[in-house]
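One structure is given below, encoded as structure tokens.
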Amino acid sequence: MEYTKKELPKRVFQIGLILTVIGLLLIGVSYGLNFQRTLFNNLIGFVFAAGVSIGALVLVALEYLAGATWSVPFRRVSEFLAAALPFVFILSLPLLFNLKEVFHWVYINPDTDELIKHKSPYLNELFFIIRLVAIFGIFFLFYSLFIKNSRKQDESGDQKLTRNNVKLSAPFMIIAGIGISFIAIDWLMSLEPHWYSTIFGIYYISSTLLAGLAATTFIVVLLKENGYLHPRITSDHYYSFGALLFGITNFWAYIAFSQFLLIWYANIPEETSWFMMRWIGGWKYVSVLLIIIKFAIPYLGLLTYPSKTDPKRLIAVSIIILFAHLFDVYWLVMPSYSKTIVFGFYELAFPVFIVGIYILLFYFLSKKQNLVPIKDPKLERGLEFHL
Amino acid sequence: MNRKVHSITGLFNTPNEILNAVEEIRKAGYTMFDVNTPYPVHGIERAMKLKPSKLGYVTFFVGVSGALFAFLFMTWVSVNNYPLIIGGKPFFTWPAFIPITFEVTVLSASIATVLTMLFVMFRFPNISNPLHDTNYMKQVSSDKFGIMISSLDPKFDENSASELLLKLGAKNIELVYYPDDIKIKVFEPKFIIFLLLVAVLTSGTTYFLLNKLMYMQPFSWMSEQNKVLPQTKSDFWSDGFSNRMPVPGTVSRNYIGYEFKGKPDSVIYGLSNPLPFNSKIIDIGKQRYNTFCSPCHGYFGKGDSRLRNQFPAPPTLLSEKVKKWVDGNIFHVITNGQNVMPSYAKQISVEDRWAIVHYIRVLQRAQDAKDTDLENNVK
């Protein structure tokens, strides 16, 4: 049984296009109706998409660095998701031009606020933009190098290209850890510049990994069940996806609970205020729901062996985890916009648009390239993978 | 020869042969057979149609019990049995119970898994199997792939089983018998005595090292020093105490006697504030005031304290009476106490008391500020 390239049906393109157009319309309307709220939603969309794309890129690098073989048949899926990095950067542009609408450290006079004064060497508009451009520049550079080698290998089958990517992936891992922490601190933590939490970077890193992995799992299982991937992919591969999703879900819960427990126990006002904002004014329900959909449901859904190998279960859980990632970012961002709970069509515009763009991007990329890295030296071992 | 047959065994050369053989044996209706290979053969468990292990249920059940036990036990201890207020939290502080609940869950689940595996599945302390020390076991642990069909199988029959194995291409088809007497090696006296010896030796050595050797010279030199320790018996002094009282009339360092101690404030004279009136001193005074005075007198000296209604209300420090007092009077009240207010001479040093006096003056002035107080008289 060998892989034969099959083009994705036209319907994928149509769905992507419809979602993109609806999303764009909704975004246009909501920018006209409520500028500030739409900017906050733009922030949610940016951080959500950054999580998916950077998470996917980290998975690609992780495969090279750890010498993993089981994930080789699906590496292209992660690569396609990571290809949205420039689009994610474009998502941040409306915010960059209106920073003062979202981040109040931009317009507060540092002389009247002792903490912001001390943080101003880090939290100022120029350095903020430099950091963003630098992080996305470096991530995109590594992405292009990984992809260039990976695509070249589809034609030449040169083993050296894999070795090059292994060498690249080691520094990338360090940079990714630091870069994602910077994104978390800049775009999420600085919404409340008076708040302290030293664990917040790893909190967002765990979410990022989870988002990238859930998106990859969803697409892989969907494509495989419809026969677009290599036919020799077995339930052992599915099991690995399920186990990894289960593990990172637990990791996220561990980090999230550590953050909560330490702040709750120490009970220092400058730390607890952040959780108080997420407990009063109806946000309590969002907080409790987050625990349920990001931890309880995936945990119970993936606990047993058969559920980790069941394609339907994997699709359902990975969709829930992806939604939970969006919900998590909503929970992180929106209490800074409103003291009482807000939810409406404003919150739907960006997710619809982003999902549409990802589908379109996937469609066009899969037209030009194989969905399986056919000449990767580790492919055969990856297909022979058994637990 | 009346030995009981344990199983019939056959050897194959390649993993593919054994995969095929397993399929055929299963199709022939055998259920109790096993495969021994020098390395894990992928897909063998599917070919054998092995059911998933039951071990997971033990892990799950004991894990859940452990979680419940830990959580309920902590709840019982901290709510019913020994309630203690910790960090101003309520007695039922469930988030604080989570880490221990998690630890106990993992601990109980893993211990239950290992013990179940050892005692139920591997039947410890029996560590022998009739297949041990047979030619079959020697072969499958080097380069052959073996199948054994157990005599406990309801379909088992020596002749038909060996025919089936022969048909499938097995070599070295052999019968394996139960040994005449099953010895549980763990219970052999030699082993038990050895265990006891090791236990006595380790605990004896540990006891000697920690309780004897450390109190012998030269190891004891660090702990037995030629000096008088507080709260010990002394042979030198006639009263037998190592602690001595200071010589009568001793004063502590930096101690300055207060001549108006216990006297009414009307007799105070000649006390003047030795400290300069500047922002550094006022900052010190403010800090001490907020620590020691504000609980009763309030942050602004108005007498509206955090402890109001619990004590007789302290008077305001902004009254005309206090404003007219000289610094020495305020110092006297802090040092000597007044009415309900105790003496603060022990808590606050002399300099700090004077700094507080300065700060009280600042508070008084701030309540009654004039335009001229503003820098450059800006309105």
Side-chain angles (χ1 to χ4, degrees), chain A residues 69-70 199 232-240 242-243 246-247 249-269 271-272 275-276 278-279 284 287-288 290-291 295-296 299-310 380-387, chain B residues 15-16 18-19 22 35 37 39-68 70-71 74 78 84-107 109-110 113 283 306:
Chain A
T69 52
W70 69 274
I199 206 171
R232 275 163 64 198
I233 292 167
T234 63
S235 64
D236 286 353
H237 293 99
Y238 283 178
Y239 178 83
S240 302
F246 184 73
T249 296
N250 279 319
F251 179 61
W252 175 85
Y254 185 88
I255 297 294
F257 184 73
S258 299
Q259 174 170 286
F260 170 75
L261 182 70
L262 292 186
I263 288 175
W264 172 84
Y265 217 113
N267 208 5
I268 299 169
E271 293 176 349
T272 49
F275 277 105
M276 278 317 289
R278 279 151 187 81
W279 199 251
K284 178 162 75 172
S287 304
V288 173
L290 178 70
I291 300 171
F295 175 64
Y299 181 87
L300 294 173
L302 290 175
L303 187 60
T304 60
Y305 179 92
S307 64
K308 290 192 187 83
T309 55
D310 178 14
E380 194 51 36
R381 275 178 65 199
L383 292 167
E384 279 293 325
F385 171 76
H386 289 284
L387 287 172
Chain B
N16 284 343
I18 197 129
L19 276 170
V22 162
V35 176
T37 57
Y39 56 83
V41 174
H42 290 309
I44 196 89
E45 73 279 5
R46 267 171 230 145
M48 290 168 77
K49 286 253 162 86
L50 279 185
K51 286 191 191 107
S53 169
K54 297 267 186 295
L55 194 58
Y57 293 101
V58 175
T59 312
F60 179 78
F61 178 73
V62 178
V64 170
S65 318
L68 282 176
F71 196 88
M74 275 181 287
S78 42
L84 273 181
I85 295 174
I86 300 165
K89 300 271 191 292
F91 293 130
F92 180 64
T93 50
W94 66 267
F97 300 164
I98 298 283
I100 295 170
T101 307
F102 173 72
E103 300 292 340
V104 173
T105 311
V106 174
L107 184 72
S110 46
T113 309
D283 278 344
R306 303 195 283 284

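Residues of residues 259-268 of chain A lying under 4.5 angstrom from chain B, judged on non-hydrogen atoms, are A:F260, A:L261, A:W264, A:Y265, A:N267 by number. Inspection of non-hydrogen atoms places B:F60 of residues 59-68 of chain B under 4.5 Å from chain A. Listed by sequence position, B:H42, B:R46 are the residues of residues 39-48 of chain B in contact with chain A, using a 4.5 angstrom heavy-atom cutoff.
Atom CZ of A:F246 is surrounded by more than 12 heavy atoms from other residues, nucleotides or ligands within 6.0 Å. Environment of CZ in B:F92: crowded, with over 12 heavy atoms of neighbouring residues, nucleotides or ligands closer than 6.0 Å. Within 6.0 Å of atom CG in B:L84, more than 12 heavy atoms from other residues, nucleotides or ligands are found, so the atom counts as buried in its surroundings.
Proximity to chain B is limited to the side chain of A:F257, based on heavy atoms less than 4.5 angstrom apart.
With sequence neighbours excluded, the residues that form a ring-ring contact (aromatic ring centres under 6.0 Å, His included) with A:F295 are A:Y299.
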